[in-house]
Every structure is written in structure tokens, then in C-alpha cells.
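Structure first, commentary second.
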There are 2 protein chains.
Amino acid sequence: MISAMNEREFLKQYDKSAFEQPMFSVDNVVLTLGKGELEVLLVKRGEHPFKDCWGLPGGFVDLEKDQSIESTALRKIKEKTGVEPDYIEQLETIGNATRDPRDWSITTVFTALIAKQRCTPTDENVVLANWFAVSELSAMTLAFDHTKIIQRALKRLRDRATYSLVPCALLGEKFTLSELQKVHELILGKKLEAKVFRRRVENSGQFEETGEMTSGRGRPAAYYRLRSGTDAFNFEFIRTV
Amino acid sequence: MISAMNEREFLKQYDKSAFEQPMFSVDNVVLTLGKGELEVLLVKRGEHPFKDCWGLPGGFVDLEKDQSIESTALRKIKEKTGVEPDYIEQLETIGNATRDPRDWSITTVFTALIAKQRCTPTDENVVLANWFAVSELSAMTLAFDHTKIIQRALKRLRDRATYSLVPCALLGEKFTLSELQKVHELILGKKLEAKVFRRRVENSGQFEETGEMTSGRGRPAAYYRLRSGTDAFNFEFIRTV
DNA sequence: TTGATTTAAGGGCGTTAAGCCAATAAGTGG
DNA sequence: CCACTTATTGGCTTAACGCCCTTAAATCAA
């Protein structure tokens, strides 16, 4: 194999633009469930540009460590949260001359869902990485176009919540249908009919009862889990658990 | 603004991986309607690797000419077909260490739909760029992972055909509902009910009659066109006409 | 001219899914 | 045991979908 730099020198003969490559990075919109609200994982930037601004956890492909851009995304998330997300999906790629004040820049954005209790809050990171309620974001100025990216990720999540049950990845291993319904209501910002929602879950065939029941106030609810071996969601996604 | 190379030198201080960037390109799956079959635009590669193989029209971002990766996609399509497509949509980004035999490589793939009659077949290009029926592809060996990419683009198009009317971009300015239905049947590979299809078109509110009618065998059909000012499709796409 | 043929467009109806409201079930806390 | 809370299900209304058949409006062949 020819080394990357030699390769570019070679290509330069044919196509001058092949040499001057734009910067390529990966960014992640990592979402979890806070107290009654969606939260997004942000990191404080230590370098310019946007030094000391909060921004999405991401970074550059490591040609040695990473086999694919999905690996890059997962690696960066793991560095910040300590775990692999329950669901990750490619959102879109944004590349233009204006999003980075310095120069042309390209980023492939991934949306990841993760159960809050699965995150290990490493103390040393807590000042550099933090969860923010999405409602707080309007009062914050994030790095680059990250505010807009988060909005697009939330829109995609709303779409998913309307015609899929992907948001279950925000809950843990097991959950009740009421909990899942509340998550959907939170994402969609409106109440859903319990009967209709239960029908959706049953007809999907993606879930099964664990046999366990909740305890506490009110009638106990049945716990459900993702049916094992199910190719759970009809989307391009990477299941990591 | 600091130049790109200086920028990379600067970044290198903080993150060594920032310097060694993978190659980034844009590829296009340009689809049109042939005689009773979908056709995809391919170009014969003049350089290694995969020299003399057919592959997707694409290339590298030109930092001077292009304002965004969408511009890159449209520019490359225009170079090959002479026109801008009626519909273009970002499909996905594939980046890994194996798709290019030489080295790490990333490509953002766009799917474009274009009416065949709007393409200007430039004679000088005809040996280098050609339309191929999608059924022919199984007998061909394309460059890189382009065969797989085309399959994914066709799957996306099938998805679109089931819950949207995006495929109308494969027809010209005006078309009858029967023509549109036949396109959908071609994409989906199955017959559709005329009544159901007409209802879908009407309920969408995206189309209007032109007032003109067809002539020829059988009862004349009403011509329809995309309603102007309609934010026609609920997807991330770039309308160029 | 007339009828056969062809394609377009719409009417009618049974089946299925969605939406809505209320009843019932099964716990906890006094 | 009763009040309260939450879960789950029953049943009805309404809308959408699928299917078939009729009608409309042209061409084509005698």
C-alpha cells in the first residue's frame, strides 16, 4: 500500500483539488433522559476556535485506531461517557466553507441514545463534559453550527418517535409501557392515547414481557424488554448491546 | 483567515490525528427513467485504482469552486449530464479503511433524480459517461463499493416511493397520474391500485392539473404538475428547479 | 357510422386501523 | 374496608385502505 501522502502527490497529477483536502470530523449528538427532560452531552472546548465554548463531543478520524467513521463516533462517545450507546444512527453530513470560521470543514453527525444510568460519570471529566437539558440550549451559544445540528437531531428523533419505537433506547434494560409512552410524549411534546400506544407496541412485535412487575402506588405494571434476536428497527443504525 | 496547511500544523500540537486526514470525496447515484427500467449514470474511470472500471460520478471537493458538499455534488453531475437534477438528496456517508484498496477513504453519497429528456447527451462524453439499466449491474464489476452504494440508493428510493411522491422527479415538467403510477410500480416492483394511488396524489395536495390532456389511444388523461410554492417533499433535499 | 377496444377516472362497499371514552383490575395508604 | 392511584382492557365511532366494478372518452377497424 502506498502511504497517504504519496497517494495524494500521485493524485495531484490528475486532479489538483485532490490534494487540498478539507478537514473532516465526526460529531455526536448524544441524548439521554434527565428528570422530565431530554438532555444532550456537551464538552467544553479547550482549543480555539470557540475556546471555552460548549460543543458536541467529536473529533477527527484516527487512521490507526479507527476502522470506520462509526468506530470514530463510538470511540469519542466512550471517551466522554465511559460507555457505548444503546443506539447510534448516522444523521447527516454537513460540509461547507462557512461552518468553521477558519476554513472549509466537513462533519458527519451521529445521533446516539443512551440510558442515563448506564453512563459512568467520571469525576475528572465532569468539568469538561456535562449533560444539558435541551431547553437550556436556547440560552447558550455553542461552538460552530452545533445548535442547529442538535435541532436537526431532535427533529429526527421526533420523526422516529412517530413511526418507530426507537426511543426505547433512552430507557434501561426493562421498562413499562407507561414509561415508554411518557418518553414518546416528552419527545413529541404532546399526550398520546394509552390504548393506541399499547396497540402500536404489541403490533410491532419487537417487545416481550419480562414477567416482572413494578411495585409502588397504583396497579403494578408489566415490565417489557426488546425481544432478543429482533432486527429491532427498520433503520440504518448500529446496535451495540 | 489562516491557510489550511498552517491550520493543520497548529492543530497538530493538540491532536496528532488531526494532521493525517483521510481522503474525502462525494459520489452521486444519478437515476433516470429508461425504456421500462431505471437507469443509473456511470463514468469510466481513467485513473487507478479501478482504471477502466465503471463507477459513480463523483470527485473531490474543490475548495475554491465549491461552497458546500452539495455544490460539489451538483457540479460533478453537471459535468457529466450537462444539467442540474430535479431532485437531490443526501443518502449517507461511508468512511472506512477498506473501501479504497489504497488507504482510508470517506465518501458522502447523494441520490439524484432527473428526467431523461432534460439530459443533454454530449457526444464527447458519451464514451466516458453512460446510462446503464440497473438490471445490467449484476453482471458488472464497479469500482470501489459502488455496487453496494447503488443498492442502498435503490432501497432508499423504494422507501420514498412507498410513503412519498418524490419519484415524480423522474418524469418531466408535466405527467399523467398513470405515468406517475407506472414509475412507482417500476420502483416498487409490484402493481398498485389505481384508485388508491389517485387518492394518495390528491390527499398529498402537492399536485395540480395543468388543464392539458393527453391524446392517443384510450380516454385522454389529465396532465398534472408539482404545485408551485409547495415545500414539496418532507425530506432533506435540495430542489434545483 | 357503429361497435370493439383501450385507457382514465370515479363510485360503492367491506375490512382494517386509528382515535376516543369509559369500565375494570390491582396494587398502596389511611 | 374505603379512597386513591396507576395499569390494562372493552367497545364504539370514525377514517383510511384495498378491492371490484361501472362509467367516460378517446382511437381503430370494419
Side-chain angles (χ1 to χ4, degrees), chain A residues 33 35-36 158-165 167-168 171-225 227 234, chain B residues 33 35-36 158-165 167-168 171-225 227 234:
Chain A
L33 207 56
K35 306 155 210 65
R158 281 193 295 273
D159 290 344
R160 292 285 184 246
T162 51
Y163 52 78
S164 91
L165 297 164
C168 73
L171 297 168
E173 196 72 1
K174 59 182 185 181
F175 44 84
T176 69
L177 294 200
S178 298
E179 286 168 356
L180 185 53
Q181 181 180 336
K182 286 200 184 71
V183 172
H184 277 248
E185 290 174 344
L186 187 63
I187 293 170
L188 296 170
K190 65 175 182 186
K191 287 287 173 192
L192 299 174
E193 287 295 320
K195 185 65 186 294
V196 175
F197 190 76
R198 299 181 92 82
R199 270 200 294 235
R200 263 183 66 188
V201 172
E202 283 162 20
N203 292 343
S204 76
Q206 296 173 353
F207 301 92
E208 62 187 5
E209 298 192 32
T210 67
E212 297 163 280
M213 307 286 280
T214 57
S215 65
R217 284 165 70 88
R219 174 174 170 177
Y223 274 117
Y224 285 77
R225 64 169 162 248
R227 188 187 294 275
N234 277 327
Chain B
L33 207 55
K35 305 156 211 62
R158 281 193 294 273
D159 290 345
R160 292 284 184 248
T162 51
Y163 53 76
S164 91
L165 297 164
C168 72
L171 297 169
E173 195 74 1
K174 60 182 184 180
F175 45 84
T176 69
L177 294 200
S178 297
E179 287 168 355
L180 185 53
Q181 182 179 337
K182 286 201 183 69
V183 172
H184 276 250
E185 290 173 345
L186 187 62
I187 293 169
L188 295 171
K190 65 175 182 185
K191 288 287 173 193
L192 299 174
E193 286 295 320
K195 185 66 186 296
V196 175
F197 190 76
R198 300 181 91 81
R199 269 199 297 236
R200 263 182 66 188
V201 173
E202 283 163 18
N203 292 344
S204 77
Q206 295 173 354
F207 300 93
E208 61 187 7
E209 297 192 32
T210 67
E212 298 162 279
M213 306 288 281
T214 57
S215 64
R217 286 166 67 87
R219 174 175 171 176
Y223 275 116
Y224 285 78
R225 64 170 160 249
R227 188 186 295 277
N234 276 329

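Atoms considered below: every heavy atom in the structure, side chains included; atoms not considered: hydrogens, waters and symmetry mates. Residue numbers start from 1 in every chain, and the chains themselves are labelled A, B, ... in the order their sequence lines are given, proteins ahead of strands.
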Taking for R217(A) and for R198(A) the nucleotide of DNA chain D with the nearest heavy atom, the one nearer the 5' end belongs to R217(A)

Please figure out whether R199(A) or M213(A) has its closest DNA chain D nucleotide nearer the 5' end. M213(A)

Which part of the nucleic acid does A222(A) contact within heavy-atom distance under 4.0 Å: base, sugar-phosphate only, or nothing? sugar-phosphate

For [X] and [N], what is the distance between atoms [atom1] and [atom2] respectively, to the nearest whole Å?
| X | N | atom1 | atom2 | result |
| --- | --- | --- | --- | --- |
| L192(B) | dA16(D) | CG | P | 19 Å |
| E202(B) | dA16(D) | CD | C1' | 14 Å |
| F197(B) | dA8(C) | CZ | P | 12 Å |
| Y223(B) | dA9(C) | OH | C1' | 17 Å |
| F175(A) | dA7(D) | CZ | C1' | 16 Å |
| Q181(A) | dT6(D) | CD | P | 13 Å |
| K191(B) | dC17(D) | NZ | C1' | 20 Å |
| E212(A) | dG27(C) | CD | P | 16 Å |

pair [X]-[Y]: side-chain heavy atoms closer than 4.5 Å:
| X | Y | value |
| --- | --- | --- |
| K191(B) | E185(B) | yes |
| R200(A) | S204(A) | no |
| Y224(A) | C168(A) | no |
| V196(B) | R199(B) | yes |
| F207(B) | L165(B) | yes |

Please report the end-to-end axis angle for the helix from dT1(C)-dA30(D) to dG30(C)-dC1(D), five pairs per end, rounded to 10 degrees. 10°

Return yes if the base of dA7(D) and the side-chain atoms of R219(A) contain a donor-acceptor N/O pair under 3.5 Å, otherwise no. yes

Examine the base of dG19(C) for any acceptor or donor lying under 3.5 Å from a partner atom in the side chain of K195(A), and report the outcome as yes or no. no

Could you tell me which non-hydrogen atom of T214(B) sits nearest to which non-hydrogen atom of T176(B), and how far apart they are? CG2-CG2, 3.3 Å

CD/E173(A): more than 12 non-hydrogen atoms of other groups inside 6.0 Å: no

With the side chain of V196(B) defined as its heavy atoms from C-beta on, choose the nearest nucleotide among dG18(D), dC21(C), dT8(D). dG18(D)

Given dT8(D), dC19(D), dC20(C), identify the nucleotide with an atom nearest to the side chain of E193(B). dC19(D)

Which residue lies toward the 5' end of DNA chain C, N203(A) or A221(B), if each is placed at its nearest nucleotide? A221(B)

Output yes when at least one side-chain N/O atom of S178(B) is less than 4.0 Å from OP1 or OP2 of dA8(C), else no. yes

